[in-house]
Amino acid sequence: MGSFDFILLIVALLILAGGMIYTYKVGRRSSTQSANQDSSIDEKVQDHYVLRNPVFLTYLIAAVLVLSYIVYAGLNSNW
């Protein structure tokens, strides 16, 4: 991998980490707010609010796909 690819990888990982941290903080903030209009949440979801959140799952799947593509492209390059 060239230096440009490495810099691009670092930028992508920083964006991914920032998005995950922001989403986590928003999720924690909204779980502490009380509203009379919301229905009750299942106990399994309350116990594992990170694993049951589709946003976090999307970040995890995207990170795995991006990293696997980077490894694939790095191994198959003829530089």
Side-chain angles (χ1 to χ4, degrees):
M1 276 189 346
S3 62
F4 179 72
D5 294 334
F6 187 69
I7 292 171
L8 191 60
L9 171 66
I10 291 173
V11 169
L13 289 176
L14 288 174
I15 291 171
L16 180 68
M20 287 187 70
I21 291 169
Y22 178 73
T23 304
Y24 180 77
K25 286 182 179 181
V26 168
R28 288 299 262 171
R29 187 173 2 123
S30 67
S31 68
T32 59
Q33 295 175 349
S34 63
N36 296 333
Q37 299 164 336
D38 291 339
S39 61
S40 63
I41 300 174
D42 188 21
E43 289 182 16
K44 293 180 181 178
V45 175
Q46 288 179 0
D47 292 339
H48 303 285
Y49 60 90
V50 174
L51 295 176
R52 303 279 182 178
N53 191 339
V55 174
F56 287 120
L57 293 176
T58 303
Y59 277 130
L60 180 66
I61 292 169
V64 168
L65 289 175
V66 167
L67 290 175
S68 63
Y69 177 73
I70 289 171
V71 169
Y72 171 76
L75 292 175
N76 287 331
S77 66
N78 294 327
W79 294 15

For residues 10-17, run the donor-acceptor check on the side chains, cut-off 3.5 Å, and write out each pair with its distance to 0.1 Å, sequence neighbours left out.
none

Can you give me every donor-acceptor pair (side chain of residues 56-75, partner residue at least two apart or in another chain, under 3.5 Å) with its distance?
unit_1	atom_1	unit_2	atom_2	d
Thr58	OG1	Pro54	O	2.7
Ser68	OG	Val64	O	3.0
Ser68	OG	Leu65	O	2.8
Tyr72	OH	Asn76	ND2	3.4

* Should Leu8 and Phe6 be regarded as members of a common hydrophobic cluster, given that ILVMFWY residues are connected when their side-chain heavy atoms come within less than 4.5 Å of each other, either directly or indirectly? -> no

